[in-house]
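What follows is a set of notes on a single structure, which appears directly below.
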Amino acid sequence: MTEPTDRAAALPLAGITVVSIEQAVAAPFATRQLADLGARVIKIERPDGGDFARRYDTTVNGESSYFVWLNRSKESLTLDVKSAEGRAILDELLSGADVFVQNLGPGAADRLGLDARTLAGRHPSLIACTVSGWGTSGPWADRKAYDLLVQCQTGLVSLTGTPDGTARVGVSVADIAAGMYAYTGILTALLTRATTGVARAVEVSLFEALAEWMSQPAYYTRHGGTQPPRIGTQHATIAPYGAYTAADGKQVLFSIQNEREWAALCEHFLEQPELTSDPRFATGSDRVAHREELNAIVAARFSRSGGADVAKALDEAGIANTGVNDVAEFVAHPVLAERERWVDVATPGGTVRALRPPADLAGLDARMGPVPALGAHTEDILTAQGRTPAEIASLRADGVV
């Protein structure tokens with residue numbers, strides 16, 4: 001397949017072609033990161049509406065905020081892969097691809113012959129990546145999944161919130177985790193193929209991706225006999241840690257990471273150096289055990305100063321601290337502005353500002369290509385396969401593309 005001529009030609013994954021039957025968050029996040037590094041990503045979408053994430057909202061110039069975030073630099077091909085003609089087009093694409101990614105519903109890939117085992121027989125050099133909810137085997141293989149279900153099943157929701165109630169994490173953390181592991185798994189598989197000639201399949205589930213992130217609370221619970229308490233911005237195993245309210249109502253968050261910082265806090269901020277020899281607070285575990293007493297001492301100090309003065313005093317004591325931003329304050333953050341992390345990306349509804357990928361490669365700029373309209377590249381891809389305008393028109397009339 002011919003790589004489109006843009007600056008992706010200089011990027012590490014230039015020449016790699018990815019075909020993806022993807023929707024929602026996890027798989028699109030994985031493939032977008034491959035596209036950022038120069039891979040050609042052909043996104044297969046249903047002719048009758050495409051990726052349903054396109055319709056999650058209309059807040060970004062009429063486009064979905066999810067879709068704009070996850071789908072820049074991709075090509076959109078509408079295709080009914082259940083039809084004979086559509087399957088022939090897909091098979092032709094796969095014959096020239098390096099990677100195939102899918103997060104179809106439970107059992108759908110097997111029914112379509114798009115499971116990793118079947119594809120390995122047809123395309124031995126193809127790296128097949130499967131993103132599922134609960135794994136492709138086991139007692140929950142046939143169950144549907146979405147982010148909050150997985151947050152609940154891993155116990156994350158039981159840790160998030162306050163003593164008065166649980167809360168979901170405010171971003172799609174299970175999907176993001178799965179997308180990250182799928183991305184790194186694909187990169188590892190590409191390296192393995194390059195060094196050994198063997199194309200190894202990649203499988204990631206939302207549940208097992210988030211399970212990895214739950215390992216610390218799991219160890220704490222298994223070996224400590226009880227799970228970490230749900231305490232808002234505070235920390236189950238570190239004290240003092242959290243957001244405290246200053247005299248003017250501003251919240252400032254700080255944490256003590258070691259004994260040197262604890263001594264500095266007592267002497268320079270709390271102005272009670274004798275606390276360092278108080279047996280209630282002698283070690284980190286002691287401070288956690290006497291959290292309420294310690295929080296009362298910290299709160300009393302906060303009540304004497306406004307938020308700006310509290311932050312200044314903590315800075316002078318060498319204690320890391322921060323105000324609690326809302327999303328608008330994050331978007332306007334000076335670090336992002338001064339480091340030029342925001343760049344323009346085209347969408348069907350107009351130009352938007354998007355964040356560069358967080359991993360910088362020296363001397364290279366990530367590709368920040370347009371977000372495709374549904375089926376925007378269908379004619380180009382089919383023409384490259386040798387189909388005539390009349391044949392493409394017939395495929396459209398039959399609902400194949």
Q: Kindly write out the residues that satisfy salt bridge (charged side-chain N to carboxylate O under 4.0 Å, His left out) with Glu261, not counting sequence neighbours, or none if the list is empty.
A: none

Q. Do Ile231 and Thr162 touch side chain to side chain, with heavy atoms closer than 4.5 Å?
A. no

Q. Is it the case that Lys74 and Thr31 place a side-chain donor and acceptor less than 3.5 Å from each other?
A. yes

**Q.** Lys/Arg-Asp/Glu bridge criterion (N-O < 4.0 Å) met for Arg304, Glu271
**A.** yes

Q: Take atom CG of Asp142 as the centre, draw a 6.0 Å sphere, and report whether it contains more than 12 heavy atoms from other residues, nucleotides or ligands.
A: no

**Q.** Any residue meeting side-chain hydrogen bond (donor to acceptor under 3.5 Å, both in side chains) with Thr59, in chain and number order, not counting sequence neighbours
**A.** Asp57

Q: Name all residues meeting the salt bridge (charged side-chain N to carboxylate O under 4.0 Å, His left out) criterion together with Glu267; count only those two or more places apart in sequence or in a different chain, and write none if there are none.
A: none

Q | Evaluation steps, side chain to side chain donor-acceptor pair (under 3.5 Å), between Thr283 and Asp286 | A | CA-CA 5 Å; Thr283 68; Asp286 292 327; 2.9 Å; yes

Q.
Do the side chains of Glu75 and Arg40 get close enough for a salt bridge, i.e. N-O under 4.0 angstrom?
A. yes

**Q.** Cation-pi check, Arg356 onto Trp342 ring (under 6.0 Å, within 45° of axis)
**A.** no

Q: Describe, in one word, how the ring planes of Phe269 and Phe302 are oriented to each other, choosing from parallel (under 30°), tilted (30 to 60°) and perpendicular (over 60°).
A: perpendicular

Q | Residues Gln102 and Ser20: side-chain donor-acceptor under 3.5 angstrom | A | no

Q.
With a 4.0 Å cut-off on N to O distance, would you call Lys82 and Asp80 a salt bridge?
A. no

Q: Flag the pair Asp278 and Arg280 as a salt bridge only when some basic side-chain nitrogen lies within less than 4.0 angstrom of an acidic carboxylate oxygen.
A: yes

Q) More than 12 foreign heavy atoms under 6.0 Å from CD of Glu329: is that the case here? A) yes

Q) Side chains of Thr196 and Arg200: donor-acceptor distance under 3.5 Å anywhere? A) no

Q. Any ion pair linking Glu92 and Arg87 (charged N to carboxylate O, less than 4.0 Å)?
A. no

(Q) With a 4.0 Å cut-off on N to O distance, would you call Asp110 and Arg117 a salt bridge? (A) no

Q. Where does the angle between the aromatic ring planes of His235 and Tyr241 fall among parallel (under 30°), tilted (30 to 60°) and perpendicular (over 60°)?
A. tilted

Q. Using a distance-only test with no angle check, is there a side-chain donor-acceptor pair under 3.5 angstrom linking Glu45 and Ser76?
A. yes

Q) Mind checking whether Val81 and Ile21 have side chains closer than 4.5 Å, heavy atoms only? A) yes

Q. Are side-chain heavy atoms of Asp360 and Arg339 found at a separation under 4.5 Å?
A. yes

Q: Give a yes-or-no answer on whether the side chains of Asn71 and Tyr66 include a donor-acceptor pair shorter than 3.5 Å.
A: no

Q: Could you tell me whether the side chains of His123 and Ser125 share a donor-acceptor contact shorter than 3.5 Å?
A: no

**Q.** Shortest non-hydrogen contact from Ser132 toward Thr136
**A.** OG-N, 4.0 Å

